[in-house]
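Below you'll find the structure, written out as structure tokens, and then a few comments.
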Amino acid sequence: MAQTQLLNRQVARDMREIEKMPVIPLRHHGRWVAAAIIILVAGGLIMSMVTNPRFQWTEVAKYLFDPSILSGLLTTIWLTLAAMSIGIILGTTLALMRMSKNPVLETIANIYLWMFRGTPLLVQLIFWFNLSALYPQITLGFPIGPNLGTFDANTYITVYVAALLGLGLNEGAYMSEIVRSGLNSVPTGQREAAEALGMSGFRVMFRVILPQAMKMIIPPTGNQLIGMLKTTSLVSVIALEELLYSAQLIYTANFQTIPLLIVASLWYLALTTILTLFQHFLERHFGRGDRHSQVASSSAREESNETERSA
């Protein structure tokens, strides 16, 4: 016992001596050289873009707030939010179906993922836009029983509906994997403890599992949202007047292709920046528990070190 105390005191003295020693930071010459090269290259590119008259920055400023561009921008925003909402709801449902013990639900979810992840989104958009070629009349009902109604496909499957179906259903397949991985990241002991307290399966999922899984779901979901914003440009193939198609309509008439593409790119960059900041604050909100636990553990280590020193 006495030897252990002497050893602890010697270690504490050595630690105090080490703390008094001056700390000389390492010199990273390679980092400074690389940074200088990158700054020079970036400066050259910026100078080239500013001084090159073919960029036609006056035309860019002229069309940046054009009413047609702003209308397409609003269409892009609501299409992104609507399609992403469909994808999140559908993806959560598919994830729960895949985790279900019911083999029928699991099989249906796997087939859905196989179909929508295995075909290009552009093909799906064109398919939904031409759905009336397969089903001119859409009948809602049951295989055996009364029909709930019949609808004309050309009337109801508009470019907006086709875009939402293509983007939302495709996004649901990818969101299901994100939600499923987030749910699987929660230790099984959390579910078992909640069930031991008599909580129902619904309450266990939405009061215990999902809140803990959100810190794993939010980052990739934010990336998917940013990707969805840019993916909406694909609906230009079905003549939906979103941001890119609005720019295309203008430069088809006046042949100012590069300035209009720059206008669209600037608006995409602005929206992406806003979504990135929103994602950052969401991650901070759902990661508060981890930061608190890290602070608590560091405080505990400091207290233990102080105890050893005093001993």
Side-chain angles (χ1 to χ4, degrees), residues 29-84 119-130 158-160 162-164 166-168 170-171 174 220 222-280:
H29 300 290
R31 294 181 183 178
W32 291 106
V33 173
I37 293 173
I38 293 173
I39 290 174
L40 288 175
V41 173
L45 290 175
I46 294 172
M47 183 65 67
S48 174
M49 293 173 61
V50 172
T51 57
N52 190 344
R54 297 184 179 180
F55 279 95
Q56 304 181 55
W57 292 109
T58 55
E59 294 294 322
V60 172
K62 175 183 176 181
Y63 288 103
L64 189 60
F65 296 99
D66 186 84
S68 298
I69 296 295
L70 295 180
S71 177
L73 178 66
L74 293 177
T75 302
T76 295
I77 293 174
W78 79 257
L79 187 60
T80 300
L81 297 178
M84 199 65 198
T119 54
L121 175 58
L122 185 60
V123 174
Q124 296 175 30
L125 286 169
I126 298 174
F127 177 84
W128 289 114
F129 183 65
N130 294 280
T158 62
V159 290
Y160 297 98
L164 283 177
L167 295 174
N170 180 268
E171 184 62 30
Y174 291 94
N223 294 334
Q224 290 295 114
L225 178 60
I226 294 173
M228 175 64 73
L229 171 67
K230 295 174 288 186
T231 305
T232 55
S233 61
L234 290 178
V235 302
S236 60
V237 299
I238 59 175
L240 178 58
E241 294 187 23
E242 41 75 55
L243 180 58
L244 178 61
Y245 192 69
S246 299
Q248 288 176 333
L249 290 177
I250 297 175
Y251 73 63
T252 301
N254 62 11
F255 303 104
Q256 299 290 339
T257 304
I258 298 301
L260 268 301
L261 289 179
I262 293 175
V263 168
S265 299
L266 290 176
W267 279 116
Y268 281 122
L269 286 172
L271 293 177
T272 301
T273 303
I274 294 172
L275 292 179
T276 302
L277 292 175
F278 180 69
Q279 176 187 358
H280 171 70

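All values below come from the heavy atoms of this structure, side chains included, with hydrogens, waters and symmetry mates left out. Quantities reported herein were computed from a predicted structural model and do not represent experimental measurements.
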> Among all residues two or more places apart in sequence or in another chain, which pass the ring-ring contact (aromatic ring centres under 6.0 Å, His included) test with Phe127?
Replying inline: none

>> Once rounded to the nearest 0.5 Å, what's the spacing between atom CG of Leu70 and atom CG of Leu243?
In response: 9.5 Å

>> Using 0.5 Å steps for rounding, measure from the CG atom of Leu260 to the CZ atom of Phe255.
In response: 12.5 Å

> What is the minimum heavy-atom distance between Gly166 and Gln124, and which atoms define it?
Replying inline: O-OE1, 4.1 Å

> Residues two or more places apart in sequence or in another chain: which of them pass ring-ring contact (aromatic ring centres under 6.0 Å, His included) with Trp267?
Replying inline: Phe65

>> Testing the basics here: between Leu121 and Leu167, what is the closest heavy-atom pair and its distance to 0.1 Å?
In response: CD2-CD2, 3.8 Å

>> For a quick test of reading the model, state the closest non-hydrogen atom pair linking Ser68 to Ile250 and the distance between them.
In response: CB-CD1, 4.1 Å

> Quick one: which of Leu240, Asn170, Leu234 gives a side-chain contact (heavy atoms from CB on, under 4.5 Å) with Leu125?
Replying inline: Leu234

>> Going by the rule side chain to side chain contact (heavy atoms under 4.5 Å, CB included), which residues pair with Leu225 if we only count those two or more places apart in sequence or in a different chain?
In response: Thr80, Met84, Leu275

Tabulate below the donor-acceptor pairs under 3.5 Å that side-chain atoms of residues 47-55 make, not counting sequence neighbours, or state none.
{"residue": "Thr51", "atom": "OG1", "partner": "Met47", "partner atom": "O", "Å": "2.7"}
{"residue": "Asn52", "atom": "OD1", "partner": "Arg54", "partner atom": "N", "Å": "3.0"}

> Can you list every side chain to side chain donor-acceptor pair (under 3.5 Å) pair that touches residues 227-238, not counting sequence neighbours?
Replying inline: none

>> Return the CG to CD1 distance between Leu74 and Ile69, rounded to the nearest 0.5 Å.
In response: 11.5 Å

> Do the side chains of Phe129 and Val237 get nearer than 4.5 Å, heavy atoms only?
Replying inline: no

> Quick one: CG on Leu122 to CD1 on Ile126, what's the gap to the nearest 0.5 Å?
Replying inline: 4.5 Å

>> Any heavy-atom pair between the side chains of Val60 and Leu266 that's under 4.5 Å?
In response: yes

>> Let me confirm one number: the CG-OG1 distance from Leu269 to Thr273, rounded to the nearest 0.5 Å.
In response: 6.5 Å

> Which atom names give the shortest non-hydrogen contact between Leu164 and Ala82, and what distance separates them?
Replying inline: CD2-CB, 3.6 Å

>> Quick one: does any side-chain atom of Glu171 pair with a main-chain N or O of Ala83 as donor and acceptor, under 3.5 Å?
In response: no

>> Please report the interatomic distance CE(Met228) to CG(Leu79), rounded to the nearest 0.5 Å.
In response: 8.0 Å

> Can you list every pair that meets side chain to side chain donor-acceptor pair (under 3.5 Å) and has a residue in residues 241-252, with sequence neighbours left out?
Replying inline: Glu242-Tyr268

>> Between Thr276 (side chain only) and Thr272 (backbone N and O only), is there a donor and an acceptor less than 3.5 Å apart?
In response: yes

